Amino acid sequence: MPTVQDLARVLERAAPLAYQESYDNAGLQCGNPQMEVRGVLIALDCTPAVVDEALSRGCNVVVAHHPLIFKPLKRLTGANEVEQTLLKAIRHDVALYAAHTNLDNVRQGVNRKLAEKLGLQNLRILDPKPGLLAKLITYVPPTHTQAVLDALYEAGAGQVGDYAGCSFHTEGIGTFTPGAGTNPFIGQPHEPETVRENRVEVLLPLHLQGPALRALRQAHPYEEVAYEIIRLENVNQEVGSGMIGELPAPLSPGQFRQLLKTALGIPVVKHTEFEQPITRVALCGGAGSFLIGKARAAGADAYVTGDLKYHEYFGAEGRLLLCDVGHFESEQFTGEIFRDLLLGNFGSTFALFIAETITNPVRYDF
């Protein structure tokens, strides 16, 4: 049977913990990583009722979007709902795992799911993040270049957008003199050597530096492997906040708001005044007021998010339709991402459910 650690590896391959925001606390919240998984309950939030539902369905793992432990705990006495939930999970040996802003920030994450529900096309990340990439350069005999590249690709290097196996190499001359006690792949100790080598360059996500270097050393024929890692300020187009795309055909603001109500199953949309046709739509699941300026700059006709405060509506500046659909409502389909990832990797190895417990604390009266 797969373990909690196996489950975490799958989730973190899709949404690396390195991509979470600095304030976040994604990952395994409680539970033994070596515990075998009997069943998984997927929820947006983890509450005592969600843990109860997990137990009633025979699940010993809850995978949630929002971390239960978000602020530091100074004691564990059951004084509030967070502590009560955690105590119940520990008492019944239920592991709690969360993928939060790391799932928000990947291309196939929360925002893409929301964009797909709205039928948007030509999707791209609204605010890509810089400083997450490096260039890995190494020097390899021509006879082993492809083997080294294959190992680096397997470790996650050489990916540019939807293109895999990306590299650049040039031929050159390398020189070295093996020292005493060495066992050189080419040449003899104490004898200067000149060899043909390929300079190989690949892009590398910084959080995969360790696995990539291990793969490089294992595949490279030299006992001393020369390499360089250069941090890049390039933005990573696959990682960042929000998403932007286009509707298949322009809609009036009223038609667009009705689309939001229908697609999200919501009774109300809070919005600003805007009378122009809606074609280009930016969005951010959850609390996304920090991207209003980015949406304007990207030429969005509408920006969809949740948790907007009164003064933040003025940020539309009459240049776009600003829509608040609610925090829970904008992230309600996140469970489908978890479900598809786990089914795709584990099949029917264990029971898998999306929670029926409604954790949204907001209600609407009309």
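Scope of the values below: all heavy atoms of this structure, side chains included, with no hydrogens, waters or symmetry mates. All values reported here derive from a predicted model rather than from experimental measurement.
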Inset, instruction - Measure up the F70 and Y23 rings against each other and bin them: parallel (under 30°), tilted (30 to 60°), perpendicular (over 60°). - result: perpendicular
Legend entry - Whether F346 and F350 hold their rings parallel, tilted or perpendicular, with breakpoints at 30° and 60°: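 F346 vs F350 ring planes: tilted.
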Is it the case that [X] and [Y] place a side-chain donor and acceptor less than 3.5 Å from each other?
X	Y	value
Q146	D150	yes
E246	T279	no
E21	N105	yes
Q5	R9	yes
T3	D6	yes
T357	E53	yes

Legend entry - Ring centroid separation Y19 to H207 under 6.0 Å: yes
Legend entry - Output field: ring centroids H144/F185 closer than 6.0 Å: yes
Legend entry - Student check: side-chain heavy atoms of F353 and V40 closer than 4.5 Å: no
Salt-bridge test for [X] and [Y]: reply yes if a basic N is under 4.0 Å from a carboxylate O, no otherwise.
X	Y	value
D301	R280	no
E81	K88	no
R38	E36	no
R107	D162	yes

Inset, instruction - Using the six-membered ring of F333, assess whether NZ or CZ of K117 lies under 6.0 Å from its centre and within 45 degrees of the ring axis. - result: yes
Legend entry - Derivation and outcome, side chain to side chain donor-acceptor pair (under 3.5 Å), residues T359 and D45: CA-CA 6 Å; T359 60; D45 307 280; 2.6 Å; yes
Inset, instruction - Evaluate the salt bridge (Lys or Arg N to Asp or Glu O under 4.0 Å) criterion for residues E356 and R57: first the C-alpha distance (whole Å), next the side-chain angles of each, then the deciding distance (0.1 Å), finally the verdict. - result: CA-CA 11 Å; E356 295 179 356; R57 290 173 175 258; 2.9 Å; yes
Legend entry - Single hit among H220, R199, E197 for side-chain hydrogen bond (donor to acceptor under 3.5 Å, both in side chains) with Y139: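 It is R199, the one option of H220, R199, E197 that forms the side-chain hydrogen bond (donor to acceptor under 3.5 Å, both in side chains) with Y139.
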Inset, instruction - Could you pull out the closest heavy-atom pair between C46 and V51, with the gap in Å? - result: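 For C46 and V51, the tightest heavy-atom pair comes out as SG-CG2, 4.0 Å.
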Legend entry - Residues Y227, R217; criterion side chain to side chain donor-acceptor pair (under 3.5 Å); working and verdict: CA-CA 10 Å; Y227 67 88; R217 293 188 179 101; 3.2 Å; yes
